[in-house]
Colleague: 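Pasting in a structure now, in structure tokens, and then I'll have a few things to ask.
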Amino acid sequence: MAKAKTQFVCQNCGTVHTRWAGKCDGCGEWNTIIEDDPLGGIGGGPGKTPKKGRAVALTTLSGETEEAPRVQTGISELDRVTGGGFVRGSAVLVGGDPGIGKSTLLMQAAAALSRRGHRIIYVSGEEAVAQVRLRAQRLGAASTDVLLAAETNVEDILATLAEGKRPDLVIIDSIQTLWSDIVDSAPGTVTQVRTGVQAMIRFAKQTGAAMVLVGHVTKEGQIAGPRVVEHMVDAVLYFEGDRGHHYRILRTVKNRFGPTDEIGVFEMSDKGLREVTNPSELFLGERNTKAPGAAVFAGMEGTRPVLVEVQALVAPTSLGTARRAVVGWDGSRLAMILAVLEAHCGVRLGQHDVYLNVAGGYRISEPAADVAVAAALVSSLASTPLPVDSVFFGEVSLSGAVRPVSQTAQRLKEAEKLGFARATLPASSAELPKGRKGLTEIEGLPDLVVQIAGSARKFGKQTDED
Ligand code: TYD
Ligand code: MG
């Protein structure tokens with residue numbers, strides 16, 4: 001057997017290096033590489049001569065299949081994100097920043113499942129039994145039959161789970177605290193986390209229990225983040241939100257048993273997380289309808305329409321280089337919209353600072369928000385408030401054309417439901433509801449500028465100067 005060489009593993013992305021370096025080539029992070037024992041866990045080299053393989057039976061793609069059996073929590077925001085409930089025998093990773101509310105959410109889910117007669121085991125590696133009990137009391141979950149253990153050793157956890165009746169769902173909080181006897185590295189390293197997660201997934205597959213794994217997202221790279229196990233689990237959910245705001249979003253990133261791009265919206269309270277069944281009302285809650293620079297975007301999150309306010313502030317700059325600051329949207333996408341406004345619409349913004357903010361700390365990833373962003377920018381520059389009852393959507397191309405986007409009908413339906421009678425949308429959009437009034441179809445961004453500012457002359461002052 002060859003002598004085991006030490007290897008160096010990036011704790012952020014799992015890239016293996018032959019020698020230590022300050023910066024990882026794989027992900028570009030600094031100070032994330034540590035020495036690791038290659039013989040332990042997944043990815044450890046062959047310890048012995050490999051055994052002779054056994055042939056498995058090959059099969060066809062068609063044949064008997066069953067609908068994945070699920071355990072539903074009854075918390076509809078959570079069930080939607082998982083695609084209809086946790087799937088038995090599968091592993092789900094719930095990632096998020098420390099303190100965002102993962103343990104709270106899962107304790108509430110555990111209590112809800114337990115009330116429905118499921119056997120739930122909650123293994124806490126971070127908090128002592130007394131702390132978890134206190135939380136359960138605060139959440140009104142103390143009287144349920146959720147079984148609790150405070151343990152971090154993988155072998156002990158597996159032995160505990162194997163005892164008694166098979167659990168329907170197991171929660172491991174968190175994977176970063178797991179450590180196994182068979183691996184030499186310290187808890188929290190890539191090897192330990194992978195070995196622990198692998199063992200938990202194997203337990204889920206063998207027994208048919210649903211496994212929920214909690215993973216902290218780390219920026220410092222001192223402990224391995226959830227990314228190193230994302231490919232091993234069946235579904236990945238991220239719990240996110242802005243610390244300054246009181247609502248949280250659970251987002252599907254990967255799901256082998258359901259759709260991705262779904263979101264569940266929750267509101268934080270002293271009694272735990274409350275479901276928000278109509279997120280648009282939350283994001284539009286504190287609207288100042290008379291101020292210029294605010295446009296309502298009719299967006300989609302998976303199957304669900306969400307209305308959000310896009311706010312822009314355009315002001316003459318006092319610096320040599322104009323500032324561009326974005327919160328909740330992509331900075332390079334903003335640069336593109338600004339360039340299109342300059343090149344095709346005669347809207348000069350080079351001497352203006354531009355601030356863009358998506359209300360409520362929400363994040364938009366859809367290109368369909370382009371038109372709403374442009375509307376907010378033009379409205380702010382022209383000091384003209386947009387109509388109170390109007391929504392905007394459409395994707396902008398570099399030529400200045402406005403392209404149709406998907407699910408037009410659903411966007412318009414949600415807007416109408418919340419009292420937005422008018423909409424500015426791409427021309428030649430498919431599935432337009434017949435006889436619907438108040439629709440302004442635009443071919444290109446210049447149409448939008450004319451619609452808002454009356455004519456491009458309103459920007460003449462800037463144009464004349466250069
Ligand atoms: P916690 O669930 O412990 O976060 P995580 O497991 O992601 O690290 O929640 C962090 C803190 O926030 C904790 O002190 C409880 C508090 N909290 C509430 O008071 N209400 C809520 O609805 C949530 C989600 C959290
Ligand atoms: Mg926690």
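Numbers for residues simply follow the sequence, beginning at 1. One-based numbering, in listed order, for ligands and for the atoms of each.
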Colleague: When you measure from atom 18 (C) of ligand 1 to each heavy atom in Ser269, Pro98, Gly272, Gly95, which option holds the nearest one?
Modeller: Ser269
Colleague: Are Arg411 and Phe393 in a cation-pi setup, meaning NZ or CZ lies under 6.0 angstrom from the ring centre and within 45 degrees of the ring axis?
Modeller: yes
Colleague: Assess the side chains of Glu309 and Tyr362: does a donor N or O sit below 3.5 Å from an acceptor N or O?
Modeller: no
Colleague: So do the side chains of Met300 and Val306 get within less than 4.5 Å of each other, counting heavy atoms only?
Modeller: no
Colleague: Please list the nearest protein heavy atom to atom 6 (O) of ligand 1 with its residue and the distance rounded to 0.1 Å.
Modeller: Ser103 OG, 2.6 Å
Colleague: Using a 4.0 Å cutoff against the non-hydrogen atoms of Leu273, which atoms of ligand 1 qualify?
Modeller: 22 (O), 24 (C)
Colleague: Write out the residue and atom name of the closest protein heavy atom to atom 10 (C) of ligand 1, then the distance separating them to 0.1 Å.
Modeller: Gly99 O, 3.5 Å
Colleague: Within less than 2.8 Å of the Mg ion (ligand 2), any N, O or S from Ser103?
Modeller: yes
Colleague: Mind checking whether Leu93 and Leu237 have side chains closer than 4.5 Å, heavy atoms only?
Modeller: no
Colleague: Atom 19 (O) of ligand 1: which of Arg138, Arg274, Glu127 has the nearest heavy atom?
Modeller: Arg138
Colleague: Check whether more than 12 heavy atoms from other residues, nucleotides or ligands sit under 6.0 Å from atom CZ of Arg166, and answer yes or no.
Modeller: yes
Colleague: Among protein heavy atoms, which lies nearest atom 4 (O) of ligand 1, and at what distance?
Modeller: Gly101 N, 3.1 Å
Colleague: Looking at atom 13 (C) of ligand 1, tell me if a protein heavy atom falls under 4.0 Å from it.
Modeller: no
Colleague: Once rounded to the nearest 0.5 Å, what's the spacing between atom CH2 of Trp179 and atom CG of Asp184?
Modeller: 11.5 Å
Colleague: Please indicate, with yes or no, if any protein heavy atom is found under 4.0 Å from atom 16 (C) of ligand 1?
Modeller: no
Colleague: Side chain, backbone, both or neither: which part of Gln131 comes within less than 4.0 Å of ligand 1 when only heavy atoms are counted?
Modeller: neither
Colleague: Please state which option from Lys102, Glu126, Arg135 has its nearest heavy atom closest to atom 3 (O) of ligand 1.
Modeller: Arg135
Colleague: Looking at every non-hydrogen atom in both residues, tell me the closest pair between Phe86 and Val212 and how far apart they are.
Modeller: CE2-CG2, 3.8 Å
Colleague: Run the salt bridge (Lys or Arg N to Asp or Glu O under 4.0 Å) test on Arg251 and Glu240 for me, step by step, so that the C-alpha distance in whole Å, both residues' side-chain angles and the decisive distance to 0.1 Å come before the verdict.
Modeller: CA-CA 8 Å; Arg251 202 182 278 279; Glu240 34 181 69; 2.9 Å; yes
Colleague: What atoms of ligand 1 come closer than 4.0 angstrom to any heavy atom of Thr104?
Modeller: 1 (P), 2 (O), 9 (O), 23 (C), 24 (C), 25 (C)
